[in-house]
Enquirer: 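Below is the structure I would like to discuss, written out as structure tokens.
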Amino acid sequence: MTLFLVKRLIMLAATLLVAAIVVFSVLEILPGDPALVMLGVSAQPDTLAALRAEMGLDQPAWTRFFQWIGGLMTGELGRSYTYDVPVSELIGERVVVSLPLAVMALTLSTVIAIPLGVIAASRHNKTLDIALTGAAQFGIAIPNFWFAILLILLFSVTLQWVPAGGFAGWDAGFWPATQSLLLPAFALALPQAAILTRVTRSSVLEVLQEDFVRTARAKGLSRNAALWRHAVRNALIPVITILGLQFSFLLAGTIIIENVFYLPGLGRLLFQAIAQRDLIVVKDLVVLLAGSVVLVNFIVDLGYAVLDPRLRSGGGHV
Amino acid sequence: MTLLSIENLCVELEGPNGVCRLLDQVNLSLSKGQCLGLVGESGCGKSMTAMAIIGLLPQGMRAHGKILLNGEDLLKADEERLCQLRGRKVAMVFQEPMTALNPVVPIGRQVAEGLRLHLGLTRHEAETRASQTLARVGLPVERFALSLFPHQLSGGQRQRVVIAMALACGPEILVADEPTTALDVTVQAQILDLLADIIDEFGMGLVLITHDLGVVAETTDTMAVMYAGRLVEDGPTVEVFERMAHPYTRGLFAAMPSHSSEGSTTRSPLTTIPGRVPDALSRPAGCPFVTRCGFATDLCSRELPLMKTLGHRHNAACFNIAHVEEGS
Ligand SMILES: Nc1ncnc2c1ncn2[C@@H]1O[C@H](COP(=O)(O)OP(=O)(O)OP(=O)(O)O)[C@@H](O)[C@H]1O
Ligand SMILES: [Mg+2]
């Protein structure tokens, strides 16, 4: 198990490094002078020179790369040109919106999808299964921003249960802050839950054909007991793979959803930074988002080991 | 004392091309402490018979007739009652030890599960019993901890776990569906010895499904030969081997590798039964074996031979028994 962990951690660090190199190189090979891109063609020569010096553009690329990596590791992320505050401060303010949003969305989609998928499988080809599969198909077809608008219309405009947008801030207390994340989290979660329901259903159906389910039945377990005690855990192994893959789509979704709901999160920050050509912020944010995807995949790998004992040891007989 | 008695068991599968009869008029009986061997080539319905006994036929299959366990008809029992009986009174050992165990659950829990379910034992009591049962099948807890996972065991060891699972609640009948087919020869012998010891010790009845006549000769008290979903010969093992009244039984016997080389220094080539089993959907009107039988007459292709009693509890379904026995 420790060996497994160490191997995965090395993989994690290596992936992050590669991500950083890719991001840096892409911005490096962009044609033109980054400082000029950021300031626009009408920039004053002295402002331009000041920005070039601040970005270290007078130094060779590899020096800048190592300075940047060193900065990432120590938390010295540089200064945003458009906001004129340290990038770390900017990210810090936004993370407290985006992270709870992502966690809520992932939790919601898992909590909705896995039981529904299992129930659909256990009622294979019966009415409930057909209804759930149909609903999932519908959910997959709906884009999340459109779904967000429907949610706003129903819960904010008509029922007036939750605010239509904006973030109350954690200072306003736990509940008001959570409330303002509720609709965006659902808007993000439901299309994902639809996919996850289908994956769970087909995975459970496959596992139900396995010999060990029949063995469990032969021991006297009822259909449901065999399903929940023996089939589900085996069926979850492919499900968490999809869950890990979905996380990157979730991040992409937050860029849109945070804009729809006026949430001051990382997605919106990225959107604004790109629009305002604040390349320093863009660079750091992209690495941060890539890092979170890699981290989630690391957690998924740990999940495999928890679910499947065959991955924990190197195998081998007694 | 008759433990299990199967009367006119038919299993039908409703398909797009009409009803297809997978088992037809199967009659079997098994007494306490006895071993019944069920033989026949692949696809003849041996596993179907086993699944019917334990009430786990695949979806879409219907069984009729009677399966009497201590006089109680299992085909009339509801699902709840069947759940009580499975594992408690009737237990099953499967062919594939590699896939019959849940890969993500420790072996101790898998053996203890039935004990907790049927006998209402606490977790601790069930684990104690589980380790006793595992020790009985040759997996002492000192070397094979309850916390081991199936992938940490060899095929033979896994089959022992499967047997321990089946034995755990002290069932009255053990149905073993080709318990050794997936194992190598030495392990096969060990597992069969273990099964034989266990039925002696626990006094349960064993239904042993196999296509190895050697195993049948060594292990069983009575035997039944199946062909295309029907019984063609059954009776006390010794008598069936002595007379082999049905041409199919002879064919099976001749196709046995170990027998044909017995008593001779040179190995004679393997005999095979020509042709193949007719599909359940397109069975001929007469005897299902007619196209492959060396003794077939006009009558055989017109009429279905029924079971005829030949001696004490020995029956065969053939019109030409006299000819067959002469020809030997
Ligand atoms: N799930 C199923 N659906 C439809 N037909 C089936 C199913 N399982 C088995 N059959 C059919 O039932 C017949 C009997 O199969 P069964 O598995 O009992 O054979 P068997 O004697 O156990 O063979 P083997 O020695 O290969 O295990 C076969 O002709 C097979 O085609
Ligand atoms: Mg079989």
Side-chain angles (χ1 to χ4, degrees), chain A residues 1 4 114 118 121-126 129 200 203-241 300-318, chain B residues 50-51 53-56 58-59 79-106 109-118 139 143-145 147-155 157-158 161-162 165-166 168-169 171 175 177:
Chain A
M1 187 74 192
F4 176 85
I114 290 176
V118 176
S122 75
R123 303 268 184 286
H124 186 40
N125 282 344
K126 305 234 173 73
D129 177 32
T200 309
S203 175
V204 171
L205 282 179
E206 204 168 295
V207 174
L208 282 177
Q209 300 300 316
E210 299 268 356
D211 283 355
F212 63 79
V213 175
R214 188 184 58 181
T215 311
R217 297 277 281 133
K219 261 192 269 185
L221 267 70
S222 66
R223 251 180 67 94
N224 274 330
L227 173 74
W228 289 100
R229 284 192 226 164
H230 288 271
V232 169
R233 187 148 165 212
N234 284 277
L236 285 184
I237 295 168
V239 171
I240 64 168
T241 310
V300 165
D301 279 345
L302 291 187
Y304 285 141
V306 169
L307 287 176
D308 192 344
R310 283 165 296 189
L311 296 176
R312 264 175 253 163
S313 55
H317 293 198
V318 174
Chain B
M51 295 321 265
I53 295 174
I54 200 152
L56 288 176
Q59 277 196 337
E79 183 56 29
E80 195 184 334
R81 177 70 183 142
L82 285 176
C83 280
Q84 286 170 4
L85 294 173
R86 285 187 205 120
R88 178 78 185 89
K89 300 278 177 195
V90 189
M92 180 108 192
V93 174
F94 296 97
Q95 175 170 352
E96 273 295 333
M98 296 318 222
T99 53
L101 293 169
N102 188 337
V104 306
V105 178
R109 271 236 321 268
Q110 297 197 50
V111 177
E113 190 169 28
L115 290 163
R116 300 190 62 185
L117 182 74
H118 292 298
L139 302 174
R143 202 163 104 65
F144 300 92
S147 57
L148 287 179
F149 287 96
H151 73 272
Q152 293 165 307
L153 302 175
S154 71
Q157 290 162 351
R158 285 185 218 189
V161 175
V162 175
M165 261 165 50
C169 297
V175 182
D177 188 356

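Sequence lines set the chain letters: A, B, ... in the order given, protein chains first and strands last, and positions in each chain run from 1. Bear in mind the structure is a predicted one, so any value in this text is a computation, not a measurement.
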Enquirer: Which region of Glu80(B), side chain (C-beta onward) or backbone (N, CA, C, O), has a non-hydrogen atom less than 4.5 Å from a non-hydrogen atom of chain A, or is it both or neither?
Expert: neither
Enquirer: Is Met98(B) in contact with chain A via its backbone, its side chain, both, or neither, using a 4.5 Å heavy-atom distance?
Expert: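 No part of Met98(B) comes within 4.5 Å of chain A.
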Enquirer: Look at atom CZ of Arg233(A) and say whether more than 12 heavy atoms of other residues, nucleotides or ligands are closer to it than 6.0 Å.
Expert: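 Above 12, so yes.
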Enquirer: Shorter than 4.5 Å, heavy atoms on both sides: which option in Arg86(B), Met51(B), Arg88(B) has the most such pairs with chain A?
Expert: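 Most heavy-atom pairs within the cutoff with chain A belong to Arg86(B).
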Enquirer: May I ask you to name which of Val213(A), Ile237(A), Asp308(A), Leu221(A) has the most heavy-atom pairs under 4.5 Å with chain B?
Expert: Leu221(A)
Enquirer: Find out whether Glu113(B) and His230(A) are in side-chain contact, i.e. whether some heavy atom of one side chain is under 4.5 Å from a heavy atom of the other.
Expert: yes
Enquirer: Sort Leu101(B) into side chain, backbone, both or neither according to what part of it lies under 4.5 angstrom from a heavy atom of chain A.
Expert: backbone
Enquirer: I'd like to know whether CZ of Arg116(B) has more than 12 heavy-atom contacts from other residues, nucleotides or ligands below 6.0 angstrom.
Expert: yes
Enquirer: Using every non-hydrogen atom in the two residues, find where Pro103(B) and Pro309(A) come nearest and quote the distance to one decimal.
Expert: O-CG, 3.3 Å
Enquirer: Can you name the closest pair of heavy atoms from Arg223(A) and Gln59(B) and give their distance?
Expert: NH1-NE2, 4.2 Å
Enquirer: Checking the side chain of His151(B) only, and the main-chain atoms of Leu311(A) only, is there a donor and an acceptor separated by less than 3.5 Å?
Expert: no
Enquirer: If you draw a 6.0 Å radius around CD in Glu206(A), do more than 12 non-hydrogen atoms from other residues or ligands fall strictly inside?
Expert: no
Enquirer: Look at the side chain of Thr215(A) and the backbone N and O of Ala100(B), then say whether any donor-acceptor pair between them is shorter than 3.5 Å.
Expert: yes
Enquirer: Answer yes or no: is there a side-chain heavy-atom contact under 4.5 Å between Arg214(A) and Met92(B)?
Expert: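 A side-chain contact under 4.5 Å is absent here.
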Enquirer: Looking only at heavy atoms, what is the nearest atom pair of Ser222(A) and Cys83(B), with distance?
Expert: CA-SG, 3.8 Å
Enquirer: Given that the side chain runs from C-beta out, which part of Leu307(A) has a heavy atom under 4.5 Å from chain B: side chain, backbone, both or neither?
Expert: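 The backbone, not the side chain.
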Enquirer: Any chance you could measure Arg217(A), atom CZ, to Ile54(B), atom CD1, to the nearest 0.5 Å?
Expert: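 It comes to 10.0 Å.
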